[in-house]
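So you know, we letter chains A, B, ... as the sequences are listed, proteins then strands, and number each from 1. Values below: all heavy atoms of this structure, side chains included; hydrogens, waters and symmetry mates excluded.
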Number of protein chains: 2
Amino acid sequence: MVVPILPATSAAPPAGGIRSQTGADLRQVALTQFASVGFAATSLQNIADIAGFSKSSVLYHFASKEMLLEQVLTPAIDQLEVVLDRFVTEPETIATRERFVDDFIDFLLEFRLELHTFINQAQSLRGIAIIDRAGLLIVRLAASICHDDASNEDRLRFGFALGGAAYSLVAGMTFLGEATLPDDDLRPALRTVMTELLAPVSVHPRPAHS
Amino acid sequence: MVVPILPATSAAPPAGGIRSQTGADLRQVALTQFASVGFAATSLQNIADIAGFSKSSVLYHFASKEMLLEQVLTPAIDQLEVVLDRFVTEPETIATRERFVDDFIDFLLEFRLELHTFINQAQSLRGIAIIDRAGLLIVRLAASICHDDASNEDRLRFGFALGGAAYSLVAGMTFLGEATLPDDDLRPALRTVMTELLAPVSVHPRPAHS
DNA sequence: AGGCTAGTTGACCGATCGGTCAGATCCTGT
DNA sequence: ACAGGATCTGACCGATCGGTCAACTAGCCT
């Protein structure tokens with residue numbers, strides 16, 4: 001017995017124009033559960049209970065649990081691809097790298113739950129198409145940020161930026177009050193730390209950026 | 001059908017003096033699985049197959065799956081407590097904070113799998129004694145590193161240090177080749193990055209430490 | 001009114017889960 | 001030789017897993 005968070009509108013949407021509100025609700029619930037307790041530990045029954053539907057309904061809207069995961073993560077991976085493509089297309093200058101940091105922070109704040117899901121569970125979810133696609137993107141991202149001649153420190157900084165962001169923006173809530181900050185307070189601090197980690201040494205730790 | 005990695009010495013340890021080699025093997029296998037695919041996604045059958053025993057044997061050595069997790073994580077949590085107590089006992093100077101960073105790096109390298117397990121799965125494992133104890137330690141750690149007047153940036157740096165280390169030292173292997181570095185090459189890079197994140201601004205980004 | 005389609009559901013399936021229990025098996029002390 | 005404890009295992013249990021299926025409902029078009 002779980003009290004439904006979303007009352008399911010009693011199976012009768014007021015206007016037919018609404019496109020699959022149920023599917024969106026289920027995706028949102030699934031994302032929250034996947035990010036907080038993990039994909040393997042989240043059952044379809046669990047998702048259905050929270051959303052106020054039956055397990056059969058979940059499987060009506062999504063062909064399988066894996067397909068649900070794919071649809072949940074796809075918008076985030078698409079956006080990450082856009083951000084990365086924009087970065088690698090341009091000539092590399094301090095300005096373009098700083099704009100990449102800004103783009104990346106926007107991505108982090110919008111898709112923090114998706115990031116946490118595929119960053120911290122990639123190994124157990126190998127073989128699922130969207131996860132493998134995300135993995136390739138991460139490799140491309142690493143290669144673009146760290147050149148061939150990058151030092152071990154710089155490669156480590158990239159890993160810290162990725163794993164640190166995923167942890168601080170989601171899991172950090174478990175222990176710290178950080179993530180309860182409104183995004184507007186979080187963004188400048190995030191920009192400072194991410195710049196330290198991702199911008200080359202030519203940018204000083206606390207730059208007076210544009 | 002899983003080929004056992006550890007041949008189980010055919011149920012006859014050569015000398016009776018060896019204290020529970022089987023238990024140690026099982027703990028090692030369990031730790032690897034918990035860290036790589038997650039606690040929820042790891043079944044006792046899975047652990048037993050890899051270790052070359054039956055599921056019943058696992059439950060003979062450990063009262064339950066949760067007790068196995070506790071025994072797997074306890075040495076790491078104990079060591080983290082030692083490191084933290086040593087830091088908070090001493091007066092805070094640049095030197096003591098730098099030594100804390102060194103102690104912490106030693107901890108990270110020795111217990112990287114344990115760290116990754118309880119950092120990235122704490123939310124789904126709440127209620128298990130060792131996890132709650134680890135959580136309290138993390139809170140104490142945060143309070144010791146970040147004082148009451150710490151900036152949002154510094155609090156974020158602490159989260160990045162924790163989550164970044166857990167990711168870079170374990171999950172990073174999925175995408176990057178970093179963690180395949182031998183520890184001796186990894187340690188100085190880790191020291192540089194961790195110092196940037198955990199040492200106050202009075203220590204410059206690349207200090208010529210002792 | 002009468003079909004059509006989309007949405008929702010309970011009943012059900014085989015597989016696997018964590019866990020229990022009654023034996024085997026084997027080493028050791030006497 | 002024999003008893004006893006430690007170790008290991010297969011058979012089994014109830015619960016839950018992801019997934020299938022037929023039926024039911026409700027709006028919509030003609």
Side-chain angles (χ1 to χ4, degrees), chain A residues 1-2 4 6-27 29-30 33-34 37-72 121 124-125 127-128, chain B residues 1-2 4 6-27 29-30 33-34 37-72 121 124-125 127-128:
Chain A
M1 284 306 156
V2 175
L6 306 165
T9 65
S10 71
I18 299 176
R19 204 192 71 85
S20 188
Q21 181 59 43
T22 299
D25 291 346
L26 291 174
R27 273 193 298 271
V29 170
Q33 293 301 108
F34 291 163
V37 306
F39 179 78
T42 300
S43 68
L44 295 177
Q45 188 69 62
N46 192 347
I47 295 170
D49 287 344
I50 295 176
F53 291 92
S54 69
K55 187 178 70 172
S56 299
S57 265
V58 179
L59 285 162
Y60 169 76
H61 288 278
F62 307 94
S64 69
K65 194 185 177 188
E66 285 194 4
M67 287 301 300
L68 172 55
L69 179 70
E70 300 230 11
Q71 292 204 26
V72 160
Q121 304 179 50
S124 59
L125 301 177
I128 300 178
Chain B
M1 284 307 158
V2 175
L6 307 166
T9 65
S10 71
I18 299 176
R19 205 192 70 85
S20 188
Q21 180 59 44
T22 300
D25 291 347
L26 290 174
R27 273 192 298 272
V29 169
Q33 292 303 106
F34 291 162
V37 307
F39 179 78
T42 301
S43 69
L44 295 177
Q45 187 69 63
N46 193 345
I47 296 170
D49 287 343
I50 296 176
F53 291 93
S54 68
K55 187 179 69 171
S56 300
S57 265
V58 179
L59 284 162
Y60 168 76
H61 287 279
F62 307 94
S64 69
K65 193 184 177 188
E66 285 194 5
M67 287 301 301
L68 172 56
L69 179 70
E70 301 230 13
Q71 293 203 26
V72 161
Q121 303 179 53
S124 59
L125 301 178
I128 299 177

Between [X] and [N], is there a side-chain N or O to OP1/OP2 distance below 4.0 Å?
{"X": "A:Thr22", "N": "C:dT8", "answer": "yes"}
{"X": "A:Ser43", "N": "D:dC17", "answer": "yes"}
{"X": "B:His61", "N": "D:dC8", "answer": "yes"}
{"X": "B:Tyr60", "N": "D:dC8", "answer": "no"}

task = First locate atom NE2 of B:His61, then atom CD of B:Gln71, and finally report the distance between them rounded to the nearest 0.5 Å.
result =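 Output value for this atom pair is 11.0 Å.
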
task = Hey, could you give me the CE/CD1 distance between A:Met67 and A:Ile128, rounded to the nearest 0.5 Å?
result =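 With rounding to 0.5 Å, CE (A:Met67) is 10.5 Å from CD1 (A:Ile128).
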
[X] has an atom [atom1]; how far is it from atom [atom2] of [N], in whole Å?
{"X": "B:Lys55", "N": "D:dA11", "atom1": "NZ", "atom2": "P", "value": "13 Å"}
{"X": "B:Gln21", "N": "C:dC26", "atom1": "CD", "atom2": "P", "value": "20 Å"}
{"X": "A:Leu68", "N": "D:dG19", "atom1": "CG", "atom2": "C1'", "value": "14 Å"}
{"X": "B:Met67", "N": "C:dG19", "atom1": "CE", "atom2": "C1'", "value": "15 Å"}
{"X": "A:Phe62", "N": "D:dG18", "atom1": "CZ", "atom2": "C1'", "value": "16 Å"}
{"X": "A:Gln33", "N": "D:dG18", "atom1": "CD", "atom2": "P", "value": "12 Å"}
{"X": "B:Ile47", "N": "C:dT16", "atom1": "CD1", "atom2": "P", "value": "17 Å"}
{"X": "B:Asp25", "N": "D:dC8", "atom1": "CG", "atom2": "P", "value": "10 Å"}

Given [options], identify the nucleotide with an atom nearest to the side chain of [X].
{"X": "A:Ser54", "options": "D:dG19, C:dG18, C:dT9", "answer": "C:dT9"}
{"X": "A:Gln45", "options": "C:dG19, D:dG19, D:dC17", "answer": "D:dC17"}
{"X": "A:Phe53", "options": "C:dT8, C:dG10, D:dG19", "answer": "C:dT8"}

message = Counting the atoms with a prime plus P, OP1 and OP2 as sugar-phosphate, which does B:Leu44 contact under 4.0 Å by heavy atoms, base, sugar-phosphate, or nothing?
response =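 Sugar-phosphate contact only - B:Leu44 comes under 4.0 Å of backbone atoms but never of a base.
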
query = Just checking A:Ser57: base, sugar-phosphate only, or nothing, at a heavy-atom cut-off of under 4.0 Å?
reply =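 Base, at least one base atom sits under 4.0 Å.
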
Would you check if [X] and [Y] make a side-chain contact, meaning some heavy-atom pair closer than 4.5 Å?
{"X": "B:Ile50", "Y": "B:Asn46", "value": "yes"}
{"X": "A:Leu44", "Y": "A:Phe62", "value": "no"}
{"X": "A:Phe39", "Y": "A:Lys65", "value": "yes"}

key: Pair of N/O donor and acceptor under 3.5 Å linking C:dG19 base with B:Lys65 side chain   =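 Answer is no: no donor-acceptor pair is held.
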
